[in-house]
Amino acid sequence: MRILVTGGAGFIGSAVADAAAGRGHEVVLLDAFLPQAHGTEPRSRHRLVRGDVRDFGVVRGLLDGVDVVCHQAAMVGHGVDPSDMPDYASHNDFGTAVLLAAMHAAEVSRLVLASSMVVYGEGRYRCPRHALVRPAPRRASDIAAGRFEPRCPTCATPLEPELVPEDAAPDPRSTYAATKLAQEHLAAAWARQTGGGVWALRYHNVYGPWMPSGTPYAGVASLFRSALHNGEAPVVLEDGRQRRDFVHVTDIAAANVAALEAEPPRGELDALNICSGRPRTIGDLADELARACGGPAPRIAGGARPNDVRHIVADPEKAARVLGFRASVDFADGVRAFAHAPLREPAAIGRGER
């Protein structure tokens, strides 16, 4: 197959491109090379075009002969403040709309979309008295007092987290999350209108070599590692017991290749959790990295960022059933390797694109 990978020079996109090429596919990469994400323009053994996914002419020109598009290009991370909103909406949502319009013009009918677990907001919770419930918003007074667990909206009992299935109601809590959910809605509308098919891969916390570093848009693994390499203790918010699912970038690439090779349902979008299903805490990550780097122990800082969620760990069974994908990189092994893996050094602190 010929595959167009948007954001193909980025952290995840480059891993997907290498994995797809390793399976014998022809890959064409499109990347804007924003300097905040790419300190230097990377070399690639694949055909690599410098261009913006928001440029219809550029995208349309690359789609001739393409069988499937793998859409990784996006502005990622929590951001800094609401002044980021126009850039997120432009890169993520307008960019996706332009890509879909170009795919329609080129009669390309298959899309693999990089989505995210952030569309869920808080995870899935069970109350001992009221079964499955949507948790009440965490109160600032509770966080200030060190009470971090979400509570039942009816009886205020602390809730127990469970694995989140793909049919859980979305509840985006950040600008980034809102734009990722909008990407899914745009792609679903395109599929219904054209008879195309979309796999939406909801990535969990991705880490691995060539993550961006030195930017507020980086993931927590990169932030912790950068601190340790500077001789500083990684700073862990809340009590460090927040649950996440850390997935190595090679597993993310493998899931993308499986989706690229699998025929999606036509006329619809099918969402899949790309995760291990094995919860770890933010504290576990910080501890493991500190040991592997030989650095200072993590510092528990308390507090929480606005709109941070407490627990988000998803159910991996649907991806295993429909794509045959299961994450294979062991957490401890992956983190030890990541401790000394190369990272991307951005040219400037600021906005970045995957």
Side-chain angles (χ1 to χ4, degrees), residues 1 3 5-7 11-13 15-20 22-23 25 67-72 74 76 96 110-124 161-172 177 180-181 183-185 187-188 191 196-208 219 221 243-280 309 311-331 333-334 354:
M1 291 189 302
I3 302 165
V5 184
T6 70
F11 167 46
I12 294 175
V16 172
D18 287 346
R23 291 276 296 175
H25 301 299
D67 299 292
V68 57
V69 174
C70 186
H71 185 31
Q72 304 293 324
V76 302
T96 297
R110 291 174 55 204
L111 175 68
V112 175
L113 173 66
S115 187
S116 173
M117 54 84 177
V118 296
V119 302
Y120 296 122
E122 276 288 357
R124 182 183 178 99
E162 295 189 349
L163 298 183
V164 182
E166 286 83 355
D167 61 359
D171 184 22
K180 296 309 284 186
L181 184 59
Q183 282 185 311
E184 289 195 14
H185 288 323
V198 183
W199 295 116
L201 306 185
R202 291 175 176 169
Y203 303 157
H204 284 249
N205 291 69
V206 188
Y207 72 99
R243 296 183 192 178
R244 298 291 188 271
D245 193 322
F246 297 99
V247 188
H248 197 272
V249 69
T250 57
D251 280 327
I252 295 293
N256 272 274
V257 171
L260 289 163
E261 294 179 343
E263 184 70 25
R266 289 292 170 157
E268 62 182 281
L269 176 147
D270 203 0
L272 301 171
N273 290 323
I274 305 302
C275 60
S276 72
R278 298 184 293 273
R280 298 282 182 168
V309 301
H311 304 297
I312 176 68
V313 181
D315 189 339
E317 291 306 314
K318 183 178 177 183
R321 184 175 71 253
V322 303
L323 294 184
F325 167 77
R326 286 194 183 275
S328 63
V329 177
D330 175 75
F331 173 77
D333 292 341
R354 179 167 54 223

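Since the model is a prediction, treat every value here as computed from it, not as a measurement. Numbers for residues simply follow the sequence, beginning at 1.
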Contacts of D67 that satisfy side chain to side chain donor-acceptor pair (under 3.5 Å) - sequence neighbours left out: none

Closest heavy-atom pair and its distance - D330, Y207: O-OH, 4.2 Å

Sub-4.5 Å side-chain heavy-atom contact between L260 and C70: yes

Where V198 and A187 come nearest, the two heavy atoms and their spacing: CG2-O, 3.8 Å

Flag, side chain of W199 to backbone of L323, donor-acceptor distance under 3.5 Å: no

Where at least one partner belongs to residues 312-326, residue pairs that pass salt bridge (Lys or Arg N to Asp or Glu O under 4.0 Å), sequence neighbours excluded: D270-K318, E317-R326

Residues in ring pair (Phe, Tyr, Trp, His ring centres under 6.0 Å) contact with F325, at least two apart in sequence or another chain: none

T6 side-chain N/O to Q72 backbone N/O, donor-acceptor pair under 3.5 Å: yes

Test side-chain contact (heavy atoms from CB on, under 4.5 Å) applied to R266 - qualifying residues, sequence neighbours left out: S109, R110, E263

Side chain to side chain donor-acceptor pair (under 3.5 Å) involving E122 - partner list, sequence neighbours excluded: Y125

Minimal non-hydrogen separation, G13 against V5, with atom names: O-CG1, 4.0 Å

All side-chain contact (heavy atoms from CB on, under 4.5 Å) counterparts of E162, not counting sequence neighbours: R124, R126, L132

S116 side, atom OG; K180 side, atom NZ - distance, nearest 0.5 Å: 7.0 Å

Nearest-0.5 Å distance that lies between atom CG in L113 and atom CG in L272: 11.0 Å

Least distance between heavy atoms, A15 atom then A253 atom: O-CB, 3.6 Å

Residues forming a side-chain contact (heavy atoms from CB on, under 4.5 Å) with A314, sequence neighbours excluded: V164, H204, N273, C275

By side-chain contact (heavy atoms from CB on, under 4.5 Å) - contacts of D167 (at least two apart): P165

Set of residues satisfying side chain to side chain donor-acceptor pair (under 3.5 Å) with respect to R23, sequence neighbours excluded: E261

Heavy-atom closest contact (I274 atom, A319 atom, distance): CD1-CB, 4.2 Å

Heavy-atom pair of closest approach, residues V257 and A20: CG2-N, 3.7 Å

Passing option when Y203 is tested against N256, D245, V247 for side chain to side chain contact (heavy atoms under 4.5 Å, CB included): N256

Those residues that, when tested against T96, pass side chain to side chain donor-acceptor pair (under 3.5 Å) (two or more places apart): H71, Q183

Parallel, tilted or perpendicular: ring planes of F246 versus F331, cut at 30 and 60 degrees: tilted

Min side-chain heavy-atom separation Y120-V309 under 4.5 Å: no

Donor-acceptor contact present, side-chain H311 to main-chain R243, <3.5 Å: yes

R202 (side chain) donor-acceptor with A271 (main chain) under 3.5 angstrom: no

